[in-house]
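Written below as structure tokens is the structure these notes are about.
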2 protein chains.
Amino acid sequence: MRKPANAVASASEPLAERCVVEAMRLIAERGVEELSLREVARRLGVSHQAPYKHFPSREHLLAEVVARSFEHFAEFLEARERHGDPHADLGELGLAYVAYASEHPLEYRLMFGTTIPRASAHPTMLHRAQAAFSHLARGIAATRRVRETDEGVRMDALFVWATLHGFVGIERSEITEGLAFTAKQRREALAHVLANIGVVLDAHGGAATRTR
Amino acid sequence: MRKPANAVASASEPLAERCVVEAMRLIAERGVEELSLREVARRLGVSHQAPYKHFPSREHLLAEVVARSFEHFAEFLEARERHGDPHADLGELGLAYVAYASEHPLEYRLMFGTTIPRASAHPTMLHRAQAAFSHLARGIAATRRVRETDEGVRMDALFVWATLHGFVGIERSEITEGLAFTAKQRREALAHVLANIGVVLDAHGGAATRTR
DNA sequence: AACTTAAAGATGACACTGTCAACCAGCCAT
DNA sequence: ATGGCTGGTTGACAGTGTCATCTTTAAGTT
């Protein structure tokens with residue numbers, strides 16, 4: 001139904017796919033602001049108008065790239081944990097979240113930092129985000145004796161997500177660099193934030209994640 | 001030393017000031033992506049190159065606008081609280097933070113959502129951000145018997161900031177709309193997040209903020 | 001087999017952008 | 001008076017997204 005994620009953009013691939021791959025590469029090289037349909041076409045050795053046969057506008061191509069990033073993100077989260085113990089799994093999930101943001105800053109910034117594509121216009125993107133959220137809610141619910149749809153679980157999931165998201169967002173925005181935090185302190189900050197999350201989950205549910 | 005913040009951009013103002021004001025207006029109207037130095041110049045009835053005498057590039061003008069937003073933000077936070085009780089003040093600070101993001105979404109998004117201007121290149125912007133941060137740290141320190149520069153206070157300030165920032169970021173990004181949260185639940189979510197912050201601060205310092 | 005049709009791609013044009021270069025009016029200090 | 005600096009103008013250039021208009025090529029239909 002879909003091409004495998006590790007497919008290489010060879011000349012035999014359909015142009016739409018090659019456009020997406022090349023766009024991601026271009027963003028990785030020069031940043032999302034520098035993404036240009038013409039440059040994509042140029043690198044693909046194709047006329048500057050060819051991509052328009054597959055994407056109505058630059059924004060639509062960007063939205064497709066963002067959707068891919070969400071997919072990649074979900075796969076990344078899925079690939080971790082599985083320790084058997086729900087509490088440890090939840091801790092691993094938090095670490096994986098931050099690790100992804102740290103290892104793939106471009107894609108993370110694409111997903112949460114890009115204001116260009118209005119989410120409501122691209123439903124598949126929302127669907128992917130929803131999947132990631134219920135992943136988290138499931139992890140929290142597993143540490144208690146309640147369902148994933150439990151009100152408290154959903155509230156706490158929102159809290160955890162907000163905290164992690166906010167942390168990487170602030171760290172990414174280079175503002176902390178102007179705040180006289182050393183590199184060591186920033187690493188400690190992550191541990192501190194995760195520990196605080198543990199405190200909250202501990203207070204609301206069963207014993208929470210251990211920190212390190 | 002500085003023009004009053006509510007100054008109107010009349011023709012008698014220096015051009016640099018008028019550029020900033022008009023840029024903010026333009027961003028409010030059409031979004032940050034549509035900001036164009038030429039359009040600013042056009043609306044000011046001045047040549048398209050005139051703004052370049054005051055701002056080396058488009059990015060520098062944007063950085064100045066962001067710096068103003070930080071200033072506005074700090075003033076907004078400063079205008080609240082003052083109840084006498086440090087704990088209540090801290091709670092008010094949290095509410096004010098979220099209120100600002102809700103009432104001035106454009107400026108908030110400018111401050112934290114704009115990836116365009118690399119922060120390190122614009123020191124005044126960083127300085128303003130630092131001021132906002134120490135405001136928060138001061139609020140937390142006031143509830144304990146330690147200084148604003150205390151390590152634990154700074155870590156907790158970072159945590160609080162991250163949580164609030166992440167919350168408004170997620171709420172703003174329309175992702176929650178795809179998550180089947182009702183409007184009432186989202187209001188409750190704010191209270192829940194603030195309460196969780198209170199739990200953490202409570203665990204680390206003196207008795208923390210009350211919720212509602 | 002001949003003809004129709006629609007898609008995929010190529011060319012060219014237009015309005016718009018940021019930015020570089022050169023030029024010009026004052027003004028202030030020497 | 002004159003030379004330089006500051007703030008302003010005009011003109012040009014390379015890029016960009018996007019619209020309109022071909023050309024080719026492949027798939028169907030009769």
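Chain naming here is simple, since letters A, B, ... match the order of the sequence lines and numbering starts at 1 in each.
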Partner set under side-chain contact (heavy atoms from CB on, under 4.5 Å) for A:Ala157, not counting sequence neighbours: A:Phe133, A:Leu136, A:Ala137, A:Ile140
Could you tell me how far apart B:Arg58 (CZ) and C:dC20 (P) are, to the nearest whole angstrom? 15 Å
Nucleotide range of DNA chain D lying under 4.0 Å from chain A heavy atoms: D:dT16 to D:dA20
Could you list the residues that satisfy side-chain contact (heavy atoms from CB on, under 4.5 Å) with A:Ala16, not counting sequence neighbours? A:His54, A:Phe55
Can a salt bridge be assigned to the pair B:Arg154 and B:Glu151 using a cut-off of 4.0 Å between side-chain N and carboxylate O? no
Can you name the residues that form a side-chain hydrogen bond (donor to acceptor under 3.5 Å, both in side chains) with A:Thr149, not counting sequence neighbours? none
Could you pull out all residues at least two apart from B:Arg187 that satisfy side-chain hydrogen bond (donor to acceptor under 3.5 Å, both in side chains)? none
What pairs of donor and acceptor atoms, side-chain ones from residues 93-103 of chain B against any protein atom, are under 3.5 angstrom apart with sequence neighbours left out?
residue  : atom : partner  : partner atom : Å
B:Tyr97  : OH   : B:Tyr108 : OH           : 2.9
B:Tyr97  : OH   : B:Trp161 : NE1          : 2.9
B:Tyr100 : OH   : B:Glu107 : OE1          : 2.7

Residues in side-chain contact (heavy atoms from CB on, under 4.5 Å) with B:Ala23, at least two apart? B:Leu35, B:Val40, B:Leu61, B:Val65
Per-nt protein contacts along nucleotides 4-9 of chain C (heavy atom under 4.0 Å; B base, S backbone sugar-phosphate only, - none) come out as -----B
Between C:dA15 (C1') and B:His48 (NE2): distance, integer Å: 15 Å
How would you list, by chain and number, every residue that makes a side-chain contact (heavy atoms from CB on, under 4.5 Å) with B:Glu29, sequence neighbours excluded? B:Arg25, B:Arg43
Any side-chain N or O of B:Ser36 under 4.0 Å from OP1/OP2 of C:dC16? no
